[in-house]
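In what follows, every chain begins at residue 1, and chains take the letters A, B, ... in the order their sequences are listed.
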Protein chains: 2
Amino acid sequence: MADISTRKVNPLFLREEELRQGMELLFYAYRDFTAEADLLLEQYNFGRAHHRVIHFVSRNPGINVSDLLAILQITKQSLSRVLSQLVRDGFIEQKTGIQDRRQRLLTVTEKGEELERKLSENQRTLIANAYREAGAEAVEGFRKVMLGMLGASDRARFDDEFLPNGLRRRLG
Amino acid sequence: MADISTRKVNPLFLREEELRQGMELLFYAYRDFTAEADLLLEQYNFGRAHHRVIHFVSRNPGINVSDLLAILQITKQSLSRVLSQLVRDGFIEQKTGIQDRRQRLLTVTEKGEELERKLSENQRTLIANAYREAGAEAVEGFRKVMLGMLGASDRARFDDEFLPNGLRRRLG
DNA sequence: CCGTTATGTCAGTTACGTTGACATATTAAT
DNA sequence: ATTAATATGTCAACGTAACTGACATAACGG
């Protein structure tokens, strides 16, 4: 086979090829992964940014704005537009913090949870299918490689990943 | 441990948690992966779109515009802006097709290859480190899961992934 | 010759990010 | 008690990269 002979003759080329392939896998996977939700979002006049906000607020109920900004890594002005739309339309609620009254603690309303479920339904299916077809061992490898590609601060977010929702550590 | 007890008590919750975690891994990995190249691109007044074009033209020398559009999945108007800048600045060359003179076949110039190397240097390092730390078996799992998440047409692009560059099949 | 294809371009729009400057309420510190 | 720092919000202007729709040109193919 051409591939095998190439493997033997030029292993360095294949290493390079392997890396390039990884880059492309990431590109295609991310795009295919977000494609369907994007279509749904259009019906609400929302964009991908709204989905991200709903997702992370749903995952971190009671999160404050600073911590959300740290996760999303955008400016407060950018978040403001998206967040105020979500609040206006009743998908997210803001409550003044108890210990620190400067904070606006964010939670997703039931209406918001419903939207989140709709938006992520296809994504969950995609991942679930990929996980199921690949098998538990492959999933472990997938997680290992993905975690290895994250920056230190993002990796820290997964340290307590198996704690129940309410106990998850805020910040990063 | 909290995680193990939770696992036993509520396996369905953990399944959901596992899927959500996969979604976030993809989000963080993609962002961290592209962050550094984005900074470099600014110095050329280019954006991520330019990187994508250079990458895929470099990978598919002599590709025509339609096939490139099929890979990128953007409109020709969107590609036009980016591509004409890259041609203007001497990173990409267009040659009229030989069999079909309507086609503009695209190749990356030496200057373009140099830029591509610079841009992907950090990305290659990120992947290489993640691969090395995770081990060969994990990498196989990673690839399996990622491929499983792709749509059929994107998955087809990886059918001949181990053929040398010049022999890779065009289109999808 | 004519319909289709490959490509390009003009014009207008949208989503989502940016910077900079400033305002307000609240907390923390000297 | 005053002052500095923090958390948040907002106004304004801007840039990139995507989009749609419409039209133009050149070349291919029957």
Engineer: What residues, two or more places apart in sequence or in another chain, satisfy side-chain contact (heavy atoms from CB on, under 4.5 Å) together with A:S66?
Structural biologist: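 Result, side-chain contact (heavy atoms from CB on, under 4.5 Å) vs A:S66: A:N64.
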
Engineer: Calculate the interatomic distance between B:L68 atom CG and C:dT7 atom C1'; express it in whole Å.
Structural biologist: 13 Å

Engineer: When every nucleotide of nucleotides 24-30 of chain C is labelled 5' to 3' by its protein contacts under 4.0 Å (heavy atoms), B for base, S for sugar-phosphate only, - for none, what sequence of letters results?
Structural biologist: -BBS---

Engineer: Hey, is A:R143 close enough to A:E140 for a salt bridge, meaning N to O under 4.0 Å?
Structural biologist: yes

Engineer: Does the pair A:R20/A:E24 count as a salt bridge with the N-to-O cut at 4.0 Å?
Structural biologist: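 The answer is no: the pair does not qualify as a salt bridge.
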
Engineer: Generate the contact string for nucleotides 9-15 of chain C. Rules: B means base contact, S means sugar-phosphate contact only, - means no protein heavy atom under 4.0 Å.
Structural biologist: BB----S

Engineer: Examine C:dG17: is either OP1 or OP2 under 4.0 Å from a nitrogen or oxygen in the side chain of A:Q73? Give yes or no.
Structural biologist: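 Negative; the distance criterion is not met.
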
Engineer: What is the separation between atom CG on A:L83 and atom P on D:dG9, rounded to the nearest whole Å?
Structural biologist: 7 Å

Engineer: According to the interplanar angle, ranging from 0 to 90°, do the rings of B:Y28 and A:F158 count as parallel (below 30°), tilted (30 to 60°) or perpendicular (above 60°)?
Structural biologist: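 Plane angle over 60°, so perpendicular.
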
Engineer: Whether B:D154 and A:R31 form a salt bridge (side-chain N of Lys/Arg under 4.0 Å from carboxylate O of Asp/Glu) is what I want to check.
Structural biologist: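 Here A:R31 pairs with B:D154 in a salt bridge, since their nearest N and O are under 4.0 Å apart.
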
Engineer: Does a nitrogen or oxygen in the side chain of B:T75 sit under 4.0 Å from OP1 or OP2 of D:dC19?
Structural biologist: yes

Engineer: Applying side-chain hydrogen bond (donor to acceptor under 3.5 Å, both in side chains) to B:S58 and B:E113, what does each step give before you reach the verdict?
Structural biologist: CA-CA 7 Å; B:S58 169; B:E113 292 288 1; 3.1 Å; yes

Engineer: What is the distance, rounded to the nearest whole Å, between atom CG of B:L79 and atom P of D:dT20?
Structural biologist: 15 Å

Engineer: Expressed as a whole number of angstroms, how long is the span from B:L86:CG to D:dT16:P?
Structural biologist: 14 Å

Engineer: Taking atom P of D:dC19 as reference, at what distance in whole Å does atom CG of B:L72 sit?
Structural biologist: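 Rounding to the nearest Å, CG of B:L72 and P of D:dC19 are 10 Å apart.
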
Engineer: By the 4.0 Å heavy-atom rule, please label B:Q85 as base, sugar-phosphate, or nothing.
Structural biologist: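 Nothing, no heavy atom under 4.0 Å.
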
Engineer: In whole angstrom, what separates B:D38's CG from C:dT18's P?
Structural biologist: 11 Å

Engineer: Say you draw a straight line from CG of B:L119 to CG of B:L40; how long is it, rounded to the nearest 0.5 Å?
Structural biologist: 5.5 Å

Engineer: Taking the six-membered ring for Trp, are A:Y30 and B:F27 ring centroids under 6.0 Å apart?
Structural biologist: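 They do not qualify: ring centres at least 6.0 Å apart.
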
Engineer: Hey, does the side chain of B:S78 come within less than 4.0 Å of D:dC19's phosphate (OP1/OP2), counting only N and O?
Structural biologist: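 Indeed, a polar side-chain atom of B:S78 lies that close.
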
Engineer: Over 60° means perpendicular and under 30° means parallel, so tell me whether B:F46 and B:Y44 are parallel, tilted or perpendicular.
Structural biologist: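 Rings of B:F46 and B:Y44: parallel, under 30°.
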
Engineer: Counting any heavy atom closer than 4.0 Å, what does A:S66 reach on the DNA or RNA strands: base, sugar-phosphate only, or nothing?
Structural biologist: sugar-phosphate

Engineer: Counting heavy atoms from C-beta on, name the nucleotide in D:dT8, C:dG8, C:dA6 closest to the side chain of A:Q103.
Structural biologist: D:dT8

Engineer: Measure the distance from CD on B:E42 to P on C:dG17 and round it to the nearest whole Å.
Structural biologist: 15 Å

Engineer: May I have the distance from A:N64 (atom CG) to D:dG9 (atom P), rounded to whole angstrom?
Structural biologist: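 Whole-Å distance recorded here is 10 Å.
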
